[in-house]
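Below is one structure, written out as structure tokens, with a few remarks after it.
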There are 2 protein chains.
Amino acid sequence: MFDYDNMGDLFIENIKKLFFPEEWINLDLKFSKSEIFAMLFLDKRKEITMTELVEYINSPMSTATGIVDRLVKSRYVQRDRSEKDRRIVILRLTEDGTKLVKSLKGMISEYINMIVDDLTEEEKQFMMGIILKVVHNLQKKLDTAIPNTQDNNEIKKIIIE
Amino acid sequence: MFDYDNMGDLFIENIKKLFFPEEWINLDLKFSKSEIFAMLFLDKRKEITMTELVEYINSPMSTATGIVDRLVKSRYVQRDRSEKDRRIVILRLTEDGTKLVKSLKGMISEYINMIVDDLTEEEKQFMMGIILKVVHNLQKKLDTAIPNTQDNNEIKKIIIE
DNA sequence: GCGAATACTACGTTTGCCGAAGTATTCGTT
DNA sequence: AACGAATACTTCGGCAAACGTAGTATTCGC
């Protein structure tokens, strides 16, 4: 069993920086974490709805609206209504947005390389294996441990008379 | 060389949660990341000054004041003036604070265990080694890349006539 | 055809961060 | 001892992001 006093301090000290990415991710322009994740997601999916975005970044609708507002205002994202269902908003990257994500990805690669390229090929392989294993198991545990925070889609029908 | 399209998506997806710790730390009461780090630091050192706190969490004084204000208001931290130098503020955990950190550490241990305890002893060892190596090298690179953000303690004596 | 459900937006509040100015105390020099 | 500079903070005001609540528009289901 893991005990905080043994390794916890060391662990925390070492990953502390990770919890304040804004300090070392010094992007040229100002974007919040959520904005960056939103754009990466958009780049991958090409077209998404607000609801999909909300699911991805795991935030309330009103927060997502704010994020998209900013991205639209700065001309990186386009916001259209669906023809089929006019309630639905369809988000797309603009050309500027696509360019930006491209350079963003470059930057992310650089960071990952900084992390990884002091490792030997063997170590990289090993690490990737461990990460996958850890992520897989963690996901499984979180899903079973706190299903309510994960999906809170209990359907409650309340009849008012 | 690392290329985003190969592994980047996978990587980002997997560490995404890490960038939003507030989502999974939010058990118990409400604390910001900085508040938690401050309390852990305080627990380790027992007594610290504001300046030491600022160095640790790497923020401006005014931010630290805010953090401590909140912790004092919620009765987890005590704020006294030093007898020897009455400019200096000495911070200590209250009894409640100590209790809280204890349970906090427990929680952190649990999280780390969740991550780690599916790994074999060999894998744990290997992982710790890799983490240390990575952190060490990353630190070195960041220091040389942007030395100005790290230590801005050039002494400038300006004589005004 | 109409009430409920869905997919959002608008608005106002709160939270945390931070720069600039202010206060209190001590240090260093003469 | 005296006083200007340095140190160690706090106060204040402003800002950006997150978010709860209420509101709008559209579609679904019976």
Side-chain angles (χ1 to χ4, degrees), chain A residues 19-23 26-27 29-39 47-74 77 79-91 152-161, chain B residues 19-23 25-26 29-38 47-74 77 79-91 149 152-161:
Chain A
F19 283 90
F20 298 93
E22 52 279 6
E23 282 175 20
N26 211 0
L27 288 182
L29 287 168
K30 269 288 178 187
F31 292 107
S32 74
K33 278 177 296 178
S34 320
E35 281 159 24
I36 290 174
F37 277 106
M39 284 191 289
E47 291 190 355
I48 61 170
T49 67
M50 291 298 288
T51 304
E52 284 166 342
L53 180 59
V54 158
E55 277 161 20
Y56 183 71
I57 60 173
N58 198 22
S59 75
M61 252 304 176
S62 54
T63 302
T65 300
I67 290 164
V68 172
D69 279 351
R70 276 168 277 152
L71 291 176
V72 167
K73 198 184 294 174
S74 47
V77 166
R79 182 194 245 148
D80 303 304
R81 289 272 165 189
S82 159
E83 289 302 320
K84 285 163 193 161
D85 183 339
R86 303 205 37 76
R87 292 170 302 180
I88 295 176
V89 164
I90 293 177
L91 304 172
N152 200 353
N153 49 11
E154 273 184 56
I155 295 159
K156 288 177 194 162
K157 286 220 171 189
I158 299 169
I159 286 100
I160 299 162
E161 344 214 328
Chain B
F19 283 88
F20 298 94
E22 52 280 4
E23 281 172 18
I25 286 210
N26 74 355
L29 289 164
K30 271 282 181 191
F31 293 106
S32 74
K33 278 178 296 178
S34 319
E35 281 159 24
I36 289 174
F37 277 107
E47 291 191 356
I48 61 171
T49 67
M50 291 298 287
T51 305
E52 284 166 341
L53 180 60
V54 157
E55 277 161 19
Y56 184 70
I57 61 173
N58 198 22
S59 75
M61 254 301 178
S62 54
T63 302
T65 300
I67 291 164
V68 172
D69 279 350
R70 275 168 276 151
L71 291 175
V72 167
K73 197 185 291 175
S74 47
V77 166
R79 182 195 247 149
D80 303 304
R81 288 271 165 189
S82 159
E83 289 303 319
K84 286 165 194 160
D85 183 341
R86 302 206 39 75
R87 291 170 302 178
I88 294 176
V89 163
I90 293 177
L91 304 170
T149 44
N152 202 350
N153 49 12
E154 274 181 58
I155 296 160
K156 289 176 196 163
K157 284 222 171 190
I158 299 168
I159 286 100
I160 299 160
E161 343 214 327

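Quick note: numbers below take in every heavy atom, side chains included, and nothing from hydrogens, waters or symmetry partners. Since the structure is predicted, the reported quantities are computational estimates derived from the model, not experimental observations. Residue numbers start from 1 in every chain, and the chains themselves are labelled A, B, ... in the order their sequence lines are given, proteins ahead of strands.
With rounding to whole Å, A:Leu53 atom CG is found 14 Å from C:dT9 atom C1'. Atom-to-atom, CD1 of A:Ile57 to P of C:dC8 comes out at 13 Å; the value is rounded to the nearest Å. The nearest whole Å value for the distance from the CD1 atom in A:Ile88 to the C1' atom in D:dT24 is 16 Å.
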The contact string for nucleotides 11-22 of chain D, one letter per nucleotide 5' to 3', using protein heavy atoms under 4.0 Å with B, S and - for base, sugar-phosphate only and none, comes out as B-----SSBBB-
Nucleotide N/O to protein N/O under 3.5 Å, stretch nucleotides 22-26 of chain C:
| residue | atom | partner | partner atom | Å |
| --- | --- | --- | --- | --- |
| C:dT26 | OP1 | B:Arg86 | N | 3.0 |
| C:dT26 | O4' | B:Arg87 | NE | 3.4 |

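Using a 4.5 Å heavy-atom cutoff, the side chains of A:Ile48 and A:Glu55 are not in contact. Side chains of B:Met50 and B:Ile88 form no contact here, defined as non-hydrogen atoms less than 4.5 Å apart. Taking the side chain as every heavy atom from C-beta outward, A:Arg81 and A:Val89 approach each other to under 4.5 Å. Taking the side chain as every heavy atom from C-beta outward, A:Ile57 and A:Lys33 never approach each other to under 4.5 Å.
Just one of A:Asp69, A:Ile67, A:Val68 meets the side chain to side chain contact (heavy atoms under 4.5 Å, CB included) condition when paired with A:Leu71; it is A:Ile67.
Residues forming a side-chain hydrogen bond (donor to acceptor under 3.5 Å, both in side chains) with A:Arg87 (at least two apart in sequence, or on another chain): A:Asp85.
Contact detail for B:Val54 and B:Ala64: the closest heavy-atom pair is CG2-CB, 3.6 Å.
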Do A:Val77 and A:Glu35 pass the side chain to side chain contact (heavy atoms under 4.5 Å, CB included) test, and can you show the C-alpha distance, the side-chain angles, and the key distance before you say yes or no? CA-CA 11 Å; A:Val77 166; A:Glu35 281 159 24; over 6 Å; no
